[in-house]
Amino acid sequence: MGSEAGEEDATLLQDYAEDENDSGGYIEVEGAAHSDDTDTMTADTLPSGSTEEEDSEHSCDVYCNSMLAKIGVGRYQLFVLLLCGLANASDAVELMSISFLLSSTAQCDLMLTDARKGVLTAAVFIGMIPGGLTFGLLADKLGRRLWLGVGLVLNAVGTLFSSQAMTFSAFVGWRILSGFGVGGSIPILFSFILEFVPVIFRGKMLVTVAFFWVVGTVICASIAWGILGVDECPTQAVWAGMATGNVTRGESDEFLTPYCAAIEAMGCSKYNGRPAWRSFMAVCCVPASVTTLMLLFANESPKWLVQTGQRDRARDVLRRMATVNGLSIEIEMPPRAYKKQAVANAGLMIYLAPILRTLKPPARVQFLWLAGVWFFLCFGFYGFRLWMTDFFSESNVSDDTNIYAASFYVALANIPGYFAAGKTIDYYGRKKTLILSMVTTGFSLFAILIVKSGHGILIFSCLFAALSAGAWCALDVLSVERFPTAIRSTALAMLTVVGRVSAIIGTLVFGFLSGKDFVLPILLTAIAFIGGGWCCKMLPKVRGATE
């Protein structure tokens, strides 16, 4: 296995060395998990094609891969895996929590018309845009661990304080702050886990971390069912209590006032005597808080330390990893990094260099097509998923089952989707798995429009969740593997920024169009998934890499 990985690394290195002559004078290695760490890039301020620079970068990669292979996978790597997984899960809890508020009594406390609901679902993504880009740059230049922790703290603080917000504007403000933290932590955590494990285990580790997003959605749905759904106001009973004649859903004076009056008269949707949605939001900050405490016991990425010239710290981290794994091996002193001097002399422009390198060939083509996939997937997924509970309350689903129970079943449906994707990614390839998942997810949305019964809608909503989970799993792995260490966090942050912009558009469009009917917005999201599959098909093939 190790020799095969080494041969594949050599093949990719040779291929991209050839590409260097045609793409601006630097080497970039992309591709499968077996190959991503023979890749490095340095600051644009450095001389193009510098032999000293290339030799230094290559020696750092060889050293890190060699040491990580000797240390293997043991208790230390499992701890980092759990840490990154829970960080991903806590981000999922924060992001998905808003979908459960749209049908809760928060509608009354915050006067949530359809227009305000659209703003509320977009708020977290508004924060994620600057958060992702800023934290990605800082993580590449100042370290992974610190900025992952800052992101988690902002996530927890924003969620906790939003549970106490008394006005709509205050609630939106805290959501934006929380989104800033979520957007910052997501790209970092995938880079973090990648740099603690041997090459041959990276694909499995990435899939496992991605799976924790499903864990987060299940946790969030469980909290919602246990708090919001324990004394839910029956939809039909509320409508029966509204003596308003023909009212239009979403109009504040004509709809919300009698709606809230009916809920108040029924005395439901309380949890321990206070609005249930406030207790729900307060509990949702717990996963990020726990993960932050775990991060105190983790070390900085040894690969990042080596590449930034912090040789003694890197050696100490590698020794600790070996000790925790129960090994007694000699940890050699890392090679000197040429890059350390460049950082000291380059000034402020060094922080912008990863962005510029991501937008240069050969990375540019990969980035643009991946950005297309991210745009369509986020537009379709968040456009429908964050409005799903509201959709259930307006459709026949609410007649057949508790809408929070239905949302819990949909969250559970993600699990088989991720397991299936984990198997097909290595068997059929990253691209084929992603294309298949995107296209079939689009068709599952078409099916939701066709069926009329509540149970039928719920079944195809579960199918949507399973298939889209496979798409996310494949996209996470594909995106991480396509960029080298020096720009990995920045490139992922730029992709997530594209995704957050499209998520804002998707949630606003879905909210605007769903005021009268859900048919058109669901149709648009279905088309978006199919468009994302086409963008993935257009990704150029990389020689020597598993596609």
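The side-chain hydrogen bond (donor to acceptor under 3.5 Å, both in side chains) check on R75 picks up nothing, with sequence neighbours excluded. Applying the side-chain hydrogen bond (donor to acceptor under 3.5 Å, both in side chains) test to S289 and every residue at least two apart in sequence or in another chain returns nothing. For L368, the side-chain contact (heavy atoms from CB on, under 4.5 Å) test picks out R364, with sequence neighbours left out.
L458 CG to Y409 OH: the interatomic distance, rounded to the nearest 0.5 Å, is 8.0 Å. For the atom pair CZ (F510) and NZ (K117), the distance works out to 12.0 Å, reported to the nearest 0.5 Å. Summarising the geometry, atom SG belonging to C378 is positioned 11.0 Å from atom CD1 belonging to I505; distances are rounded to the nearest 0.5 Å. Put simply, CZ on F135 and CG on L492 are 15.5 Å apart, with the number rounded to the nearest 0.5 Å. Summarising the geometry, atom NZ belonging to K303 is positioned 12.5 Å from atom CZ belonging to F196; distances are rounded to the nearest 0.5 Å.
Side-chain atoms of S468 come within 3.5 Å of backbone atoms of A465 as a donor-acceptor pair (strictly under, hydrogens ignored). For the pair T308 (side chain) and L305 (backbone), a donor-acceptor distance under 3.5 Å is present. For S178 (side chain) and G158 (main-chain N/O), no donor-acceptor pair under 3.5 Å exists by modelled atom type. In this structure, the side chain of R202 engages the main chain of L194 through a donor-acceptor pair within 3.5 Å. A distance-only check finds no donor-acceptor pair linking the side chain of S437 to the backbone of L434 [under 3.5 Å]. Judged by distance alone, the side chain of W304 and the main-chain N or O of D140 form a donor-acceptor pair under 3.5 Å.
Side-chain contact between Y418 and T208: absent, with no pair of heavy atoms (C-beta onward) separated by less than 4.5 Å. At least one side-chain heavy atom of L101 sits under 4.5 Å from a side-chain heavy atom of F171. Contact check for M128 versus T496: no side-chain heavy atoms found under the 4.5 Å cut-off. The closest side-chain heavy-atom distance from F464 to F384 is below 4.5 Å. The shortest distance between side-chain heavy atoms of F529 and F379 does not fall below 4.5 Å. Side-chain contact between I448 and S461 is present, with at least one heavy-atom pair separated by less than 4.5 Å. Residues M294 and L82 form a side-chain contact, since some pair of their non-hydrogen atoms from C-beta on lies under 4.5 Å apart. At a threshold of 4.5 Å between non-hydrogen side-chain atoms, the residues S97 and M281 count as touching.
The pair R313-E300 fails the salt-bridge criterion, with no side-chain N (NZ, NE, NH1 or NH2) lying under 4.0 Å from an Asp/Glu carboxylate O. A salt bridge links R175 with E94: the distance from a Lys NZ or Arg NE/NH1/NH2 to an Asp or Glu carboxylate oxygen falls below 4.0 Å.
Residues A314 and P302 come closest through the heavy atom pair CB-O, 4.0 Å. Residue L377 comes nearest to A471 through the heavy atom pair CD1-CB, 4.4 Å, listed as atom of the first residue, atom of the second, then distance.
Using the six-membered ring where Trp is involved, F211 and F419 have ring planes that are tilted, between 30° and 60° apart. Relative ring orientation between W225 and F408 is described as tilted, the plane-to-plane angle lying within the 30° to 60° band.
With P287 as reference, V93 is the one residue of T159, V93, I223, N155 to meet the side-chain contact (heavy atoms from CB on, under 4.5 Å) rule.
With a 6.0 Å cutoff to the six-membered ring centre and a 45° limit on the axis angle, R116 counts as a cation-pi contact of F168.
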Please determine whether side chain to side chain contact (heavy atoms under 4.5 Å, CB included) holds for the pair L95 and F125, giving the CA-CA distance in whole Å, both sets of side-chain angles, and the decisive distance to 0.1 Å. CA-CA 9 Å; L95 200 59; F125 297 109; 3.8 Å; yes
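Side-chain contact check for N299 and R145: no donor-acceptor pair (N or O, by modelled atom type) lies under 3.5 Å.
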